[in-house]
Amino acid sequence: MVVLDAAFPRAFDLSQLTWLDHLVVHTADIGGPVSLHPDIPQRTGELLVRRRLVEDGLNLMRRLHLVDSDTTDDGIVYSAREEASAFVDSLRSVYARELRQRAEWLAQYLTKTSRDELAQLISDRIGRWAVEFQGEVSPHDQS
């Protein structure tokens, strides 16, 4: 939600949001601010776990009317609704404040980055298998 709000009105698909969910807490990996999460070895497995969590989060946020989904020629994309800002503004912890700062930095970074460049970045930083895995459509995504 924080990333979608910072990038409003841009829309992203599930794979992109999974990548962004990873990058927003590992901003130092792409030349950004100090990462919120530690730089531990074997982080590549994070994307496997994150995809389902991001998908579940999107479903919840859609039910709460904080996120819109739209069907495009490229598939389903998600964007924050205007109401999302009020929710994000209500997050007051130090972690949430720092997450918002990184999400705003990431949103600015994305204005200069195409989808292909983002996929290449993920490939370079996390591994080609992660990009290919994230690009696959699971049976759950088809419904």
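As a basis for the values below, the full set of heavy atoms in this structure was taken, side chains included, without hydrogen atoms, waters or symmetry mates. Worth saying up front: this structure is predicted, and the values here are computed from it rather than measured.
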Exercise for review: In sequence, state the C-alpha distance, the side-chain angles, and the governing distance for V25 and Y95, and then conclude on side chain to side chain contact (heavy atoms under 4.5 Å, CB included).
Suggested key: CA-CA 10 Å; V25 295; Y95 181 87; 3.6 Å; yes
Is [Y] reachable from [X] through a run of hydrophobic residues whose side-chain heavy atoms are each under 4.5 Å from the next?
| X | Y | result |
| --- | --- | --- |
| L60 | L4 | yes |
| V67 | I76 | yes |
| L91 | V54 | yes |
| L64 | Y78 | yes |

What distance separates [X] [atom1] from [Y] [atom2], expressed to the nearest 0.5 Å?
| X | Y | atom1 | atom2 | result |
| --- | --- | --- | --- | --- |
| T72 | D70 | OG1 | CG | 7.0 Å |
| S69 | L14 | OG | CG | 12.0 Å |
| L36 | T27 | CG | OG1 | 6.5 Å |
| L17 | L58 | CG | CG | 5.5 Å |
| H22 | D29 | NE2 | CG | 5.5 Å |
| L110 | L20 | CG | CG | 5.5 Å |

Non-hydrogen atoms of [X] and [Y] that approach each other most closely:
| X | Y | result |
| --- | --- | --- |
| T113 | R10 | O-NH2, 4.3 Å |
| S79 | P9 | CB-O, 4.1 Å |
| G32 | W105 | CA-CZ2, 3.2 Å |
| P38 | H26 | O-CE1, 3.6 Å |
| F12 | Q16 | CA-OE1, 3.3 Å |
| A28 | S35 | N-OG, 3.1 Å |

Name the atoms and distances for all side-chain donor-acceptor pairs under 3.5 Å in residues 82-89, with sequence neighbours left out.
from	atom 1	to	atom 2	distance (Å)
E83	OE1	R81	NE	3.4
S85	OG	D5	OD1	2.6
D89	OD1	R100	NH2	3.0

Point to revise | salt bridge (Lys or Arg N to Asp or Glu O under 4.0 Å) contacts in which one or both residues fall within residues 17-27, not counting sequence neighbours | key: D21-R50
Review point. So do P33 and Q101 actually touch side chain to side chain, heavy atoms under 4.5 Å?
Key: no
Practice item. Report the C-alpha distance between E104 and V2 in whole Å, list the side-chain angles of each, state the deciding distance to 0.1 Å, and finish with yes or no for side chain to side chain contact (heavy atoms under 4.5 Å, CB included). Key: CA-CA 9 Å; E104 289 168 10; V2 175; over 6 Å; no
Exercise for review: Check which hydrophobic residues are tied to V77 through side-chain heavy-atom contacts below 4.5 Å, counting indirect links as well, and list them.
Suggested key: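 In the cluster with V77 there is nothing else; it is isolated.
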Review point. Less than 4.0 Å between a side-chain N and a carboxylate O, is that true for E55 and R51?
Key: no
Review point. Going through the distances and angles, do D13 and D74 end up as a side chain to side chain contact (heavy atoms under 4.5 Å, CB included)?
Key: CA-CA 9 Å; D13 66 23; D74 296 324; 6.0 Å; no
